[in-house]
Structures are given as structure tokens and as C-alpha cells.
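In listed order, ligands and their atoms are each counted from 1.
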Amino acid sequence: MLKTAPSKSSSRLITFQHDVITGLADSPKRLPCKYFYDKRGSALFDEICELDEYYLTRTEQAIMDRYASEMGAQIDSGAMLVEYGSGSSIKTRILLDHLIDPVAYVPVDISHRHLQRVAERLRADYPHLEVIPVTADFTRPFSLPTPRQPATHCAVYFPGSTIGNFEPAQAERLLRSITERCGDGGGLLIGIDLVKDVETLERAYNDDAGVTAAFNLNLLHRIRDELDADIDVEAFQHVAFYNDAASRIEIYIRSLKRQTIDIAETSFQLDAGELIHTEYSHKYTIEGFSKLAARAGLELHRSWTDDDRLFAVLHLVVTGGQA
Ligand code: AVJ
């Protein structure tokens, strides 16, 4: 075989370049938030999770620490636990420790290397649990593995308020795909960030140390370095604010001057002050999220929150019914 297919890394680069060019050609300009997470971006996100202002991670963790045994009791025995976007497995471990005889744990993630590492460590610590990592983008169709020991049902774990990145219509579609994947007897345990005062919300995305700004602007560094683009990264600024009507934090990169970005053969004009959209982080009430989930065939079964009602973990079960 002399002629080979493009390597995994070059096809990945082609997709990245395509998505960047498509987004910058759009009006208003946008860049997909999934590209935040290269090596540096993932490290910056870990730093965000430690910030005083960023209450989400530590609050969800505290809810898990306090209520994992109740959650475990809600999820019937013999489950195949499927985790969407399995980042650090800290929250998962607490849940696994409290599930009753789970037959398999299936972490689903786009990062193959990261998945293998997580799987290795879990196998060592949970010798009776079959760990079956699946490398996939959970927003696209993918099939679930069949565990050696048959599962009585499928339980999806989707922590971290990742659902907040999706606009309501997309979120509903994603929940519908979970309903269909799990079928009767299935359920979903999901972490959502709750609506709260604007000050708390905006502080969480505009920290004093500028870590969130670095995380957002890292997208431009990636584009410059990986796509060999001509960008004056210093001439851009992080912007994040709460859109009350849409119940979401909106994150942008603002151009500080009139300038161009050159990528491959394409040149993109930016006005002074022009915004490039990079991320939404939707905030929900438990009632609002339950309605959205109901349209996707999931019924609210139980919910757990912290004392300040900053964050919630919901257990929803498949009813299968449509809107
Ligand atoms: C990982 C999507 C939950 O929306 O809070 C943090 C990402 N962006 N700071 C969030 C994020 C800026 C985060 N999620």
C-alpha cells in the first residue's frame, strides 16, 4: 500500500479548518466551543473549575458527595452506565460506588487517548465492572456495545452542565436520542446549572485572574498555530454576559480593531468591536428543564440541589411519549 488514506490527525485538521472557515464566513461570525479543548484548553478548563468565581464544578461535586447513595438507589440494579463526555472520572466514581450491581460502564468521548487512560484506571479499581470505552461524538449517531453480562437497562450519566452548551432545540434533539438509545426502563442522570442572580452568573465567566479569558482566546491560538493562520491574537478580547431573555451566558471574542484573519487562501474582515460568538451556557430552572425533557420522552423522577440552589442533578426516566 503506497497511497494511504489521510492520517487521523490530518483529517482532524481538515475538519477543524473547515469548521473555522465556515464559522468565520457566517454572519454573525462564530467558532464552535468544542474546539476549546486541546491540551492547553483542557488544562485551562481544569483551572477554571478551581476558581472561586466558578461555582459549578465544586457545587455539583458536593451534590454528588451528599446524595450519590440516593441516586444509586434510584437507578435499578443491573444497569449499563453510559457516560456522555466523560471528562475526569471523579464524579463517576462516586456514582459507581453507589450503584447496585452495575454490569458495565461505557464512557463515551471524542478523545480516544483520554478514554483509554480513564478506562485503564477504572478497570484496576473496579475489577468486577466491565469497562467498555466508546470513542464517539455523542451528538452524532453511535451504537452501544453489548456487555458480556446482559444489562437490565441503560442509564445515561451526563454531568457537568455540558447540556448548557446546546440551544434548546438541539438539547431536545440530544435528549430524544438518549430516550431512543435507552428505551423502556432507561433513564438519565444529568447535571444542570440553575438560573440565579446575574452577578453570580457573570462573575463565573469573567474571573479576576483572567483564566476564562485565556480559555476563550485559546481558540485563536489554536487557529494561528494549527492552521498556520495570520492572526494578531493580542488585538482580541474576551466578552461574556448574561442574556436574561434567553437564560444563557453568551461568550464572544471581540476584535479590538479593524483587521483581517488570513486562513489558507481565505481572508476574513473584522470591524473594530465586531464579535465572534464562541459559546452559550444555558441556565435552567428544574421546571423549565423538565418541560424540555418531557418533549423528548423523559419524565422527571427525582432532583437534588445544593442548599443555595446553584446547581441541580436530575434523574429522569424514559416514558417514550412524544410531545
Ligand atoms: C463545560 C460547558 C459546563 O458552560 O460553564 C466554562 C464551559 N466556558 N467557562 C460552562 C465554560 C467558560 C462550561 N461547560
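Judged by distance alone, with hydrogens and angles left aside, the side-chain atoms of E130 form a donor-acceptor pair with the main-chain N or O of R148 at under 3.5 Å.
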Check each N or O atom of ligand 1 against all protein N or O atoms and list the pairs under 3.5 Å, with atom names and distances to 0.1 Å, one per line.
unit_1: ligand 1; atom_1: 4 (O); unit_2: S281; atom_2: OG; d: 2.7
unit_1: ligand 1; atom_1: 5 (O); unit_2: Y54; atom_2: OH; d: 2.5
unit_1: ligand 1; atom_1: 5 (O); unit_2: Y205; atom_2: OH; d: 2.5
unit_1: ligand 1; atom_1: 8 (N); unit_2: E279; atom_2: OE1; d: 2.7

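With F16 as the aromatic partner, R222 meets the cation-pi criteria of under 6.0 angstrom to the ring centre and within 45 degrees of the ring axis. The cationic atom of R181 (NZ for Lys, CZ for Arg) lies less than 6.0 Å from the six-membered ring centre of F142 and within 45° of the ring axis.
Tested against Q61, the residues D65, I63, T57, T59 include a single side chain to side chain contact (heavy atoms under 4.5 Å, CB included) partner, D65.
Residues meeting the ring-ring contact (aromatic ring centres under 6.0 Å, His included) test with H301, sequence neighbours left out: H315.
A perpendicular orientation is assigned to the rings of F45 and Y37, their planes being inclined by more than 60° (bins at 30° and 60°).
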